**Q** 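Supplied in structure tokens, the structure appears directly below.
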2 protein chains.
Amino acid sequence: MKRLKIPDATVRRLSDYARMLDQLDEEGIRIVSSDTLASRCGLNPAQIRKDLAYFGEFGVRGVGYRVRELKENLKGILGVTHTWRVALAGAGNLGSALVAYRGFLTHGFIIHAVFDKYPERAKLPRNGRFPKVLGLDRIKTEIRRRGIQIGIIAVPAEAAQGVAERLVGAGIFGILNFAPVRLRVPKHVKVKNVDLGSELESLSFFLSKRDTP
Amino acid sequence: MKRLKIPDATVRRLSDYARMLDQLDEEGIRIVSSDTLASRCGLNPAQIRKDLAYFGEFGVRGVGYRVRELKENLKGILGVTHTWRVALAGAGNLGSALVAYRGFLTHGFIIHAVFDKYPERAKLPRNGRFPKVLGLDRIKTEIRRRGIQIGIIAVPAEAAQGVAERLVGAGIFGILNFAPVRLRVPKHVKVKNVDLGSELESLSFFLSKRDTP
DNA sequence: TGTTGTGAAGTCGTTCACAGCT
DNA sequence: AGCTGTGAACGACTTCACAACA
């Protein structure tokens, strides 16, 4: 068993494993080998064993992995057993979609505050199910008051860096960034970028050169 | 100048370069060196030169790259000079957000059709700006009739594989998949996954082990 | 016997360092 | 003199292959 420097790719695969184990569990399967799990995930079995080895010895030699046990272990490792307090900055099209997106909840991300440069223009449904939209100047006080840990940035590219700085200044330590910009933040802050535009261009690239090899 | 096997990471960076070059162009900058561009993108200069070398010799030794020229070249390579005809499957929360998302348009992705298992429940604004939502059974005929090339999957995980097969059967050759599933498709079809859930778990992981080193 | 855990080998992408142009 | 283009060195992640062990 090792420690330190877990590849980013390994962490992402852990999610996959957890999801597959959920399925296997529902199918009533108790034990699974790295071979079987690998073929379900479209990976090499050794990959899975190596990934898991970063965190401990979860298997039984000659047998395999106990599905439910491994699943629980992975969830613990991924930190999805507790919930996170989240603030959303940007209540335009994308932002409003994100507030409504149920995936956040199922992953333990609860949106406790929403900010926008123009709160009155915000496109969120104004019923009680969603937090009221506040101005960007309220970021620091609200985030502190509500003990928020994570920020989601869904503002236009030009505004993103400024908002990031406010969030960081308010004490946030994780950011999920949807703006097409590389944010500059102190190194204790973890940023995850989700850049739809670049995914689109990348798809576009592969499709363009389809018939011109 | 080489050919074949362009790393996925290279393609993604090409998007970044194009975006930076847009900025530089707006700032009135005519010429840029790999050094300058690299520091703007937070990369190693050699990386940029290597990336570009996959596609040709765009620079002038002793001088640098002509901003506008390189920008146009990159856009051509990325295939963002022409537009794509797109269909969206899934008109729930996420799907509706995507129809409204302007980024698709700016990248030349035009949504010409929207499908959902229950068209009448769809959450799209019903005004003329958005395509009418059709049942999943209409996929094949509509996609063929409208010459649609790309499908976006925003249906629940359980339904994703089935929808993918219908799309492929209708002649689509690119898929942008938002469902947390690895789709099985013929190899002439290019799939790009955008898995918010796995991004969240990955963020969650890094935050969990923040104070426990 | 069957499957894990892991050192060693292999592969792929990044960075270095310099020759080659302008 | 300065900066690109690129072979070679490096490093990181993946796969192999086998010893360890239930």
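The structure displayed is predicted, hence computed values, not measured ones. Here is the naming used below: chain letters follow the sequence lines, and residue numbers restart at 1 for every chain. Scope of the values below: all heavy atoms of this structure, side chains included, with no hydrogens, waters or symmetry mates.
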**Q** Hey, is the side chain of A:Lys50 pairing donor to acceptor with the base of D:dT15 inside 3.5 Å?
**A**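 Result: at least one qualifying N/O pair found.
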**Q** What's the CG-P distance between A:Leu52 and C:dT6, to the nearest Å?
**A**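 Spelled out: CG on A:Leu52 to P on C:dT6 is 11 Å.
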**Q** So does B:Tyr65 get a side-chain nitrogen or oxygen closer than 4.0 Å to the phosphate oxygens (OP1/OP2) of D:dG5?
**A**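 For D:dG5, OP1/OP2 do have a side-chain N/O of B:Tyr65 under 4.0 Å.
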**Q** Rounding to a whole Å, what distance do you find between A:Lys5:NZ and D:dG11:P?
**A**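 In whole Å, D:dG11 P lies 11 Å from A:Lys5 NZ.
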**Q** Counting just side-chain N and O atoms, does A:Ser33 come under 4.0 Å of either OP1 or OP2 of C:dT3?
**A**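 No.
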**Q** Within the structure, does a side-chain N or O atom of A:Arg13 lie under 4.0 Å from either OP1 or OP2 of D:dT14?
**A**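 It does, given that an N or O in the side chain of A:Arg13 lies less than 4.0 Å from OP1 or OP2 of D:dT14.
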**Q** Look at the side chain of A:Arg85 and the backbone N and O of A:His112, then say whether any donor-acceptor pair between them is shorter than 3.5 Å.
**A**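 No, because the side chain of A:Arg85 does not come within donor-acceptor range (under 3.5 Å) of the backbone of A:His112.
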**Q** Calculate the interatomic distance between B:Ile31 atom CD1 and D:dT4 atom C1'; express it in whole Å.
**A**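 Nearest whole value for this atom pair: 13 Å.
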**Q** Rounded off to whole Å, could you give me the CZ-to-C1' distance for the A:Arg66 and C:dT3 pair?
**A**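 In whole Å, C:dT3 C1' and A:Arg66 CZ are 14 Å from each other.
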**Q** To the nearest angstrom, how far is A:Gln47 atom CD from D:dA12 atom P?
**A**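 In whole Å, D:dA12 P lies 16 Å from A:Gln47 CD.
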**Q** So, B:Arg40 and B:Glu27, do they make that salt bridge, N to O below 4.0 Å?
**A**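 Answer for the salt bridge query: yes.
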**Q** Roughly how many Å is it from CD1 in A:Ile48 to P in D:dC16, rounded to a whole number?
**A**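 So the CD1-P distance, A:Ile48 to D:dC16, works out to 14 Å.
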**Q** Could you check whether A:Arg182 pairs with B:Asp16 (Lys NZ or Arg NE/NH1/NH2 to Asp/Glu carboxylate O, under 4.0 Å)?
**A**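 Between B:Asp16 and A:Arg182 there is a salt bridge, with a charged N closer than 4.0 Å to a carboxylate O.
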**Q** How close or far is atom C1' of D:dT4 from atom CD of B:Glu57, stated in whole angstroms?
**A**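 Spelled out: CD on B:Glu57 to C1' on D:dT4 is 8 Å.
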**Q** With a 4.0 Å cutoff (strictly under), does any side-chain N or O of A:Ser34 reach OP1 or OP2 of C:dT4?
**A**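 Result: yes.
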**Q** Is A:Ala46 touching bases, backbone alone, or none of the nucleic acid, heavy atoms closer than 4.0 Å?
**A**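 Base: the residue A:Ala46, judged by heavy atoms under 4.0 Å, touches a nucleobase.
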**Q** Flag the pair A:Lys75 and A:Asp22 as a salt bridge only when some basic side-chain nitrogen lies within less than 4.0 angstrom of an acidic carboxylate oxygen.
**A**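 Counted as a salt bridge, because a side-chain N and a carboxylate O are separated by less than 4.0 Å.
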**Q** Flag the pair B:Asp8 and B:Arg12 as a salt bridge only when some basic side-chain nitrogen lies within less than 4.0 angstrom of an acidic carboxylate oxygen.
**A**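 Yes.
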**Q** Can you check the B:Arg61 CZ to C:dG20 C1' distance for me, whole Å?
**A**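 Rounded to the whole Å, the gap is 5 Å.
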**Q** Closest-nucleotide mapping onto DNA chain D: is B:Phe58 or A:Asn44 further toward the 5' terminus? I mean the 5' end.
**A**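 The residue mapped nearer the 5' terminus is B:Phe58.
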**Q** Between A:Val63 and A:Pro7, who's closer to the 5' end of DNA chain D by nearest nucleotide?
**A**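 That would be A:Pro7.
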